[in-house]
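So you know, we letter chains A, B, ... as the sequences are listed, proteins then strands, and number each from 1.
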There are 2 protein chains.
Amino acid sequence: MDTAEELAELLRVLSNPVRLKILALCLEERSSKEIREILGLSKPLFISHMKKLLNSGLISCKVKRLDGKAVKYYKTVNFEICCSTEILKDILEEIYL
Amino acid sequence: MDTAEELAELLRVLSNPVRLKILALCLEERSSKEIREILGLSKPLFISHMKKLLNSGLISCKVKRLDGKAVKYYKTVNFEICCSTEILKDILEEIYL
DNA sequence: CCTATGGGTAAATTTTTGTTTACCCAAATA
DNA sequence: TATTTGGGTAAACAAAAATTTACCCATAGG
(Lines give C-alpha, C1' and ligand atoms only; values in the text may rest on other atoms or scores of the structure.)
Protein backbone atom coordinates (compact mmCIF):
# COMPACT_ATOMS: atom_id res chain seq x y z
CA MET A 1 0.00 0.00 0.00
CA ASP A 2 1.51 3.27 -1.16
CA THR A 3 0.96 6.67 0.31
CA ALA A 4 1.30 9.61 -2.08
CA GLU A 5 4.55 10.53 -0.34
CA GLU A 6 6.12 7.08 -0.68
CA LEU A 7 5.13 6.66 -4.30
CA ALA A 8 6.32 10.17 -5.13
CA GLU A 9 9.68 9.47 -3.54
CA LEU A 10 10.24 6.34 -5.59
CA LEU A 11 9.18 8.11 -8.77
CA ARG A 12 11.53 10.97 -7.91
CA VAL A 13 14.47 8.57 -7.87
CA LEU A 14 13.45 7.34 -11.30
CA SER A 15 12.75 10.81 -12.69
CA ASN A 16 16.35 11.59 -13.66
CA PRO A 17 17.85 10.74 -17.04
CA VAL A 18 21.27 9.94 -15.60
CA ARG A 19 19.82 7.49 -13.11
CA LEU A 20 17.65 5.86 -15.78
CA LYS A 21 20.76 5.38 -17.91
CA ILE A 22 22.68 3.91 -14.98
CA LEU A 23 19.82 1.47 -14.41
CA ALA A 24 19.79 0.60 -18.11
CA LEU A 25 23.55 -0.01 -18.23
CA CYS A 26 23.35 -2.21 -15.15
CA LEU A 27 20.82 -4.57 -16.71
CA GLU A 28 24.09 -6.44 -17.06
CA GLU A 29 26.51 -6.27 -14.16
CA ARG A 30 28.97 -3.42 -14.55
CA SER A 31 31.83 -1.81 -12.66
CA SER A 32 31.82 1.79 -11.45
CA LYS A 33 34.53 2.60 -13.95
CA GLU A 34 32.56 1.33 -16.93
CA ILE A 35 29.44 3.25 -15.94
CA ARG A 36 31.32 6.44 -15.24
CA GLU A 37 33.23 6.32 -18.50
CA ILE A 38 30.23 5.55 -20.66
CA LEU A 39 28.11 8.28 -19.10
CA GLY A 40 30.91 10.76 -18.50
CA LEU A 41 30.24 11.22 -14.80
CA SER A 42 32.57 12.65 -12.19
CA LYS A 43 33.26 10.45 -9.19
CA PRO A 44 31.21 12.42 -6.65
CA LEU A 45 28.31 12.80 -9.05
CA PHE A 46 28.31 9.11 -9.82
CA ILE A 47 28.37 8.25 -6.12
CA SER A 48 25.56 10.68 -5.36
CA HIS A 49 23.29 9.15 -8.02
CA MET A 50 24.28 5.65 -6.99
CA LYS A 51 23.38 6.28 -3.36
CA LYS A 52 19.84 7.17 -4.36
CA LEU A 53 19.52 4.06 -6.50
CA LEU A 54 20.93 1.82 -3.76
CA ASN A 55 18.75 3.38 -1.05
CA SER A 56 15.63 2.80 -3.09
CA GLY A 57 16.63 -0.82 -3.68
CA LEU A 58 16.61 -0.49 -7.46
CA ILE A 59 20.21 -1.58 -7.82
CA SER A 60 22.46 -4.00 -5.98
CA CYS A 61 26.17 -3.84 -5.33
CA LYS A 62 28.82 -6.51 -5.09
CA VAL A 63 32.51 -6.04 -4.27
CA LYS A 64 35.19 -8.02 -6.10
CA ARG A 65 38.94 -8.00 -5.45
CA LEU A 66 41.05 -7.29 -8.52
CA ASP A 67 44.83 -6.87 -8.06
CA GLY A 68 44.29 -6.32 -4.38
CA LYS A 69 41.85 -3.48 -5.09
CA ALA A 70 38.23 -3.63 -4.01
CA VAL A 71 36.21 -2.99 -7.17
CA LYS A 72 32.46 -2.49 -7.02
CA TYR A 73 30.03 -4.04 -9.44
CA TYR A 74 26.42 -3.00 -9.82
CA LYS A 75 23.38 -4.81 -11.15
CA THR A 76 19.88 -3.49 -11.63
CA VAL A 77 17.26 -5.41 -9.69
CA ASN A 78 14.24 -6.74 -11.54
CA PHE A 79 11.47 -4.22 -10.97
CA GLU A 80 8.30 -2.74 -12.37
CA ILE A 81 6.97 0.46 -10.90
CA CYS A 82 3.66 1.68 -12.25
CA CYS A 83 1.69 4.80 -11.71
CA SER A 84 -1.83 4.51 -13.07
CA THR A 85 -5.39 5.61 -12.49
CA GLU A 86 -5.86 2.32 -10.62
CA ILE A 87 -3.16 3.22 -8.11
CA LEU A 88 -4.60 6.69 -7.68
CA LYS A 89 -7.63 5.09 -6.04
CA ASP A 90 -5.44 4.15 -3.07
CA ILE A 91 -4.19 7.69 -2.83
CA LEU A 92 -7.75 8.96 -2.94
CA GLU A 93 -8.65 6.86 0.09
CA GLU A 94 -5.61 8.17 1.89
CA ILE A 95 -6.83 11.74 1.39
CA TYR A 96 -10.11 10.99 3.15
CA LEU A 97 -8.70 8.86 5.97
CA MET B 1 9.52 4.92 -27.87
CA ASP B 2 10.86 6.77 -24.85
CA THR B 3 14.19 8.44 -24.50
CA ALA B 4 15.60 8.63 -20.99
CA GLU B 5 14.89 12.36 -21.01
CA GLU B 6 11.25 12.02 -22.03
CA LEU B 7 10.52 9.25 -19.57
CA ALA B 8 12.30 11.12 -16.79
CA GLU B 9 10.27 14.23 -17.50
CA LEU B 10 6.98 12.38 -17.25
CA LEU B 11 8.07 10.66 -14.05
CA ARG B 12 9.15 14.00 -12.65
CA VAL B 13 5.64 15.37 -13.07
CA LEU B 14 4.32 12.35 -11.18
CA SER B 15 6.97 12.50 -8.48
CA ASN B 16 5.21 15.06 -6.31
CA PRO B 17 2.70 14.17 -3.57
CA VAL B 18 0.52 17.20 -4.23
CA ARG B 19 0.21 16.40 -7.92
CA LEU B 20 -0.53 12.73 -7.18
CA LYS B 21 -3.32 13.86 -4.86
CA ILE B 22 -4.72 16.23 -7.47
CA LEU B 23 -4.75 13.36 -9.96
CA ALA B 24 -6.46 11.13 -7.40
CA LEU B 25 -9.14 13.71 -6.61
CA CYS B 26 -9.80 14.23 -10.31
CA LEU B 27 -10.58 10.57 -10.93
CA GLU B 28 -14.01 12.17 -10.73
CA GLU B 29 -14.44 15.55 -12.37
CA ARG B 30 -13.83 18.39 -9.94
CA SER B 31 -13.71 22.15 -9.92
CA SER B 32 -10.61 24.18 -9.04
CA LYS B 33 -12.30 25.36 -5.87
CA GLU B 34 -12.99 21.84 -4.63
CA ILE B 35 -9.43 20.69 -5.25
CA ARG B 36 -7.90 23.75 -3.68
CA GLU B 37 -10.08 23.54 -0.56
CA ILE B 38 -9.53 19.83 0.00
CA LEU B 39 -5.77 20.06 -0.42
CA GLY B 40 -5.36 23.50 1.10
CA LEU B 41 -3.55 25.03 -1.84
CA SER B 42 -3.07 28.71 -2.62
CA LYS B 43 -4.25 29.88 -6.01
CA PRO B 44 -0.79 30.35 -7.58
CA LEU B 45 0.47 27.07 -6.19
CA PHE B 46 -2.56 25.23 -7.49
CA ILE B 47 -2.14 26.78 -10.93
CA SER B 48 1.56 25.96 -11.01
CA HIS B 49 0.95 22.29 -10.25
CA MET B 50 -1.98 22.19 -12.65
CA LYS B 51 0.10 23.56 -15.50
CA LYS B 52 2.51 20.68 -15.18
CA LEU B 53 -0.30 18.14 -15.13
CA LEU B 54 -2.02 19.73 -18.14
CA ASN B 55 1.22 20.03 -20.12
CA SER B 56 1.99 16.38 -19.61
CA GLY B 57 -1.52 15.43 -20.71
CA LEU B 58 -2.34 13.61 -17.49
CA ILE B 59 -5.37 15.76 -16.78
CA SER B 60 -7.98 17.44 -18.96
CA CYS B 61 -9.80 20.68 -18.42
CA LYS B 62 -13.31 21.78 -19.31
CA VAL B 63 -14.86 25.20 -18.78
CA LYS B 64 -18.46 25.55 -17.62
CA ARG B 65 -20.43 28.75 -17.16
CA LEU B 66 -22.00 29.15 -13.74
CA ASP B 67 -23.73 32.45 -12.94
CA GLY B 68 -21.91 34.04 -15.87
CA LYS B 69 -18.58 32.97 -14.41
CA ALA B 70 -16.24 30.67 -16.29
CA VAL B 71 -15.54 27.82 -13.89
CA LYS B 72 -12.93 25.20 -14.70
CA TYR B 73 -13.41 21.52 -14.16
CA TYR B 74 -10.64 18.95 -14.25
CA LYS B 75 -10.62 15.24 -14.91
CA THR B 76 -7.74 12.82 -14.77
CA VAL B 77 -7.12 11.04 -18.04
CA ASN B 78 -6.93 7.26 -18.02
CA PHE B 79 -3.24 6.42 -17.95
CA GLU B 80 -0.69 3.85 -16.92
CA ILE B 81 2.94 4.86 -16.84
CA CYS B 82 5.41 2.10 -16.07
CA CYS B 83 9.09 2.11 -15.45
CA SER B 84 10.50 -1.39 -15.50
CA THR B 85 13.57 -3.41 -16.43
CA GLU B 86 11.80 -4.08 -19.75
CA ILE B 87 11.61 -0.39 -20.57
CA LEU B 88 15.23 0.11 -19.57
CA LYS B 89 16.19 -1.98 -22.59
CA ASP B 90 15.01 0.84 -24.86
CA ILE B 91 17.08 3.31 -22.91
CA LEU B 92 20.08 1.04 -23.20
CA GLU B 93 19.82 1.09 -26.99
CA GLU B 94 19.54 4.86 -26.92
CA ILE B 95 22.85 5.07 -25.05
CA TYR B 96 24.66 3.18 -27.80
CA LEU B 97 22.99 4.90 -30.76
C1' DC C 1 59.46 7.88 -2.64
C1' DC C 2 56.29 9.07 -6.15
C1' DT C 3 52.46 8.27 -9.01
C1' DA C 4 48.45 5.96 -10.51
C1' DT C 5 43.97 3.75 -9.43
C1' DG C 6 39.84 2.52 -6.82
C1' DG C 7 36.67 4.35 -3.32
C1' DG C 8 35.36 7.74 -0.83
C1' DT C 9 33.72 12.73 1.72
C1' DA C 10 32.72 17.84 2.67
C1' DA C 11 31.72 22.06 1.13
C1' DA C 12 30.59 25.35 -2.19
C1' DT C 13 27.97 26.40 -6.28
C1' DT C 14 24.49 26.22 -9.71
C1' DT C 15 20.11 24.90 -11.22
C1' DT C 16 15.57 23.49 -10.60
C1' DT C 17 11.28 23.18 -7.77
C1' DG C 18 8.00 24.53 -4.69
C1' DT C 19 5.68 28.24 -2.37
C1' DT C 20 4.23 32.83 -0.94
C1' DT C 21 3.14 37.72 -1.56
C1' DA C 22 1.34 41.16 -4.14
C1' DC C 23 -0.74 42.37 -7.76
C1' DC C 24 -4.26 42.36 -12.40
C1' DC C 25 -8.83 41.53 -15.12
C1' DA C 26 -13.82 40.45 -15.79
C1' DA C 27 -18.49 39.47 -14.27
C1' DA C 28 -22.02 39.29 -10.75
C1' DT C 29 -24.20 41.42 -6.88
C1' DA C 30 -25.18 44.07 -2.63
C1' DT D 1 -19.71 52.24 -6.31
C1' DA D 2 -17.73 48.76 -3.63
C1' DT D 3 -17.14 44.01 -2.83
C1' DT D 4 -16.97 39.24 -3.84
C1' DT D 5 -15.65 35.36 -6.79
C1' DG D 6 -13.31 32.96 -10.53
C1' DG D 7 -8.99 32.95 -13.17
C1' DG D 8 -4.65 34.61 -13.74
C1' DT D 9 0.58 36.56 -13.64
C1' DA D 10 5.29 38.31 -12.02
C1' DA D 11 8.57 38.51 -8.81
C1' DA D 12 10.61 37.23 -4.65
C1' DC D 13 11.90 33.65 -1.55
C1' DA D 14 12.78 29.04 0.31
C1' DA D 15 14.04 24.44 -0.23
C1' DA D 16 15.80 20.59 -2.67
C1' DA D 17 18.67 18.52 -6.48
C1' DA D 18 22.41 18.30 -9.37
C1' DT D 19 27.14 19.22 -10.10
C1' DT D 20 31.96 20.78 -9.30
C1' DT D 21 36.19 21.49 -6.72
C1' DA D 22 39.25 20.14 -3.46
C1' DC D 23 40.47 17.12 -0.54
C1' DC D 24 41.24 12.07 2.17
C1' DC D 25 42.67 6.87 2.53
C1' DA D 26 44.59 2.41 0.90
C1' DT D 27 47.13 -0.48 -2.31
C1' DA D 28 49.89 -1.56 -6.35
C1' DG D 29 53.82 -0.73 -9.27
C1' DG D 30 57.61 2.05 -11.31
Side-chain angles (χ1 to χ4, degrees), chain A residues 3-23 25-26 29-56 58-75 83, chain B residues 3-23 25-26 29-56 58-75 83:
Chain A
T3 68
E5 278 73 17
E6 287 168 344
L7 179 55
E9 195 176 325
L10 194 47
L11 293 171
R12 214 189 59 245
V13 174
L14 291 170
S15 72
N16 178 290
V18 174
R19 285 194 289 273
L20 287 178
K21 288 174 187 172
I22 292 176
L23 288 171
L25 284 173
C26 296
E29 187 173 76
R30 282 180 197 273
S31 70
S32 313
K33 196 189 173 190
E34 277 182 286
I35 303 166
R36 284 184 43 205
E37 282 180 350
I38 294 171
L39 298 181
L41 301 175
S42 70
K43 210 189 304 177
L45 184 51
F46 168 76
I47 291 173
S48 137
H49 281 305
M50 218 33 132
K51 271 183 186 170
K52 294 177 188 182
L53 291 171
L54 289 166
N55 285 340
S56 61
L58 291 168
I59 220 166
S60 67
C61 178
K62 188 190 293 181
V63 180
K64 295 183 184 176
R65 294 230 146 238
L66 288 185
D67 306 325
K69 304 228 169 96
V71 180
K72 292 196 167 179
Y73 285 82
Y74 298 92
K75 175 115 181 44
C83 184
Chain B
T3 69
E5 278 72 16
E6 288 168 343
L7 179 55
E9 194 176 325
L10 193 48
L11 292 171
R12 214 190 57 246
V13 174
L14 290 170
S15 71
N16 177 290
V18 174
R19 286 194 288 274
L20 286 177
K21 287 175 187 173
I22 293 176
L23 288 171
L25 284 172
C26 296
E29 189 173 74
R30 283 180 197 274
S31 69
S32 313
K33 196 188 174 191
E34 277 182 285
I35 303 166
R36 283 183 44 205
E37 283 180 350
I38 293 171
L39 298 180
L41 302 174
S42 70
K43 208 190 304 175
L45 185 51
F46 169 76
I47 290 173
S48 138
H49 281 305
M50 219 31 134
K51 273 183 184 170
K52 296 178 187 181
L53 292 170
L54 289 166
N55 284 341
S56 61
L58 291 168
I59 220 166
S60 67
C61 178
K62 189 190 292 180
V63 180
K64 295 184 184 175
R65 294 230 147 239
L66 288 185
D67 306 324
K69 305 228 169 94
V71 180
K72 293 196 167 181
Y73 285 82
Y74 298 93
K75 175 113 180 48
C83 184

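Phosphate proximity of D:dA18 to A:Arg19: present, with a side-chain N or O under 4.0 Å from OP1 or OP2. Side-chain nitrogen and oxygen atoms of B:Asn16 include none within less than 4.0 Å of the OP1 or OP2 phosphate oxygen of C:dT17. Dashed line: the shortest gap from a side-chain N or O of A:Ser32 to OP1 or OP2 of C:dG6 is not under 4.0 Å. At C:dT9, one or more side-chain N or O atoms of A:Lys51 fall inside 4.0 Å of OP1 or OP2 (strictly under the cut-off). Checking the phosphate oxygens (OP1, OP2) of D:dA17, no side-chain nitrogen or oxygen of A:His49 falls inside 4.0 Å.
At a cut-off of 3.5 angstrom, the base of C:dG6 holds no donor-acceptor pair with the side chain of A:Lys72.
Listed candidates were C:dA27, C:dG6, D:dT19. Nearest to the side chain of A:Lys69 is C:dG6. Residue B:Ile47 places its side chain closer to D:dG8 than to any other of D:dG8, C:dG7, D:dT20.
At a threshold of 4.0 angstrom between heavy atoms, the contacts of B:Ser48 include nucleobase atoms, whether or not backbone atoms are also involved. Within the 4.0 angstrom heavy-atom criterion, no nucleotide atom of any strand lies near A:Arg36. As judged by a 4.0 angstrom heavy-atom cut-off over every strand, B:Lys64 is placed among residues making no nucleic acid contact.
Here the P atom of nucleotide D:dG6 and the CZ atom of B:Arg30 are 16 Å apart, to the nearest Å. Atom CG of A:Asp67 and atom C1' of C:dG6 are 11 Å apart (whole Å). Between the CZ atom of B:Arg65 and the C1' atom of C:dA28 there is a distance of 12 Å, rounded to whole Å. Separating the CD atom of A:Glu37 from the C1' atom of C:dT5 is a distance of 12 Å, rounded to the nearest angstrom. We find that NZ of A:Lys43 is positioned 11 Å from P of C:dT9, with the value rounded to whole Å. Here C:dG6 presents its P atom at 19 Å from NZ of A:Lys62, a figure rounded to the nearest Å. Summarising the geometry, the separation between CD on A:Glu9 and P on C:dG18 is reported as 14 Å, rounded to the nearest angstrom. Across the protein-nucleic acid pair, B:Tyr73 atom OH and D:dG7 atom C1' stand 14 Å apart, rounded to whole Å.
Within 6.0 Å of atom NZ in A:Lys75, more than 12 heavy atoms from other residues, nucleotides or ligands are found, so the atom counts as buried in its surroundings.
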>> Please evaluate residues B:Lys21 and A:Glu5 with respect to the criterion side-chain contact (heavy atoms from CB on, under 4.5 Å), reporting the C-alpha separation (whole Å), side-chain torsions for both, the decisive distance (0.1 Å), and the verdict.
In response: CA-CA 10 Å; B:Lys21 287 175 187 173; A:Glu5 278 73 17; 3.4 Å; yes
>> Working note: B:Glu29 + B:Tyr74, criterion side-chain contact (heavy atoms from CB on, under 4.5 Å); need CA distance, chi angles, decisive distance, verdict.
In response: CA-CA 5 Å; B:Glu29 189 173 74; B:Tyr74 298 93; over 6 Å; no
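A donor-acceptor pair is defined here as one N or O able to donate and one able to accept, closer than 3.5 Å; such a pair exists between the side chain of A:Ser56 and the backbone of A:Lys52. In this structure, the side chain of A:Glu9 does not engage the main chain of A:Glu6 through any donor-acceptor pair within 3.5 Å.
Of the two residues contacting DNA chain D, namely B:Val71 and A:Lys52, the nearest-nucleotide position lying further toward the 5' end is that of B:Val71. Comparing A:Leu45 and A:Arg12 against DNA chain D, the residue whose closest nucleotide sits nearer the 5' end is A:Arg12.
You'll find the side chain of B:Phe46 reaches within 4.5 Å of the side chain of B:Ser32, heavy atoms only.
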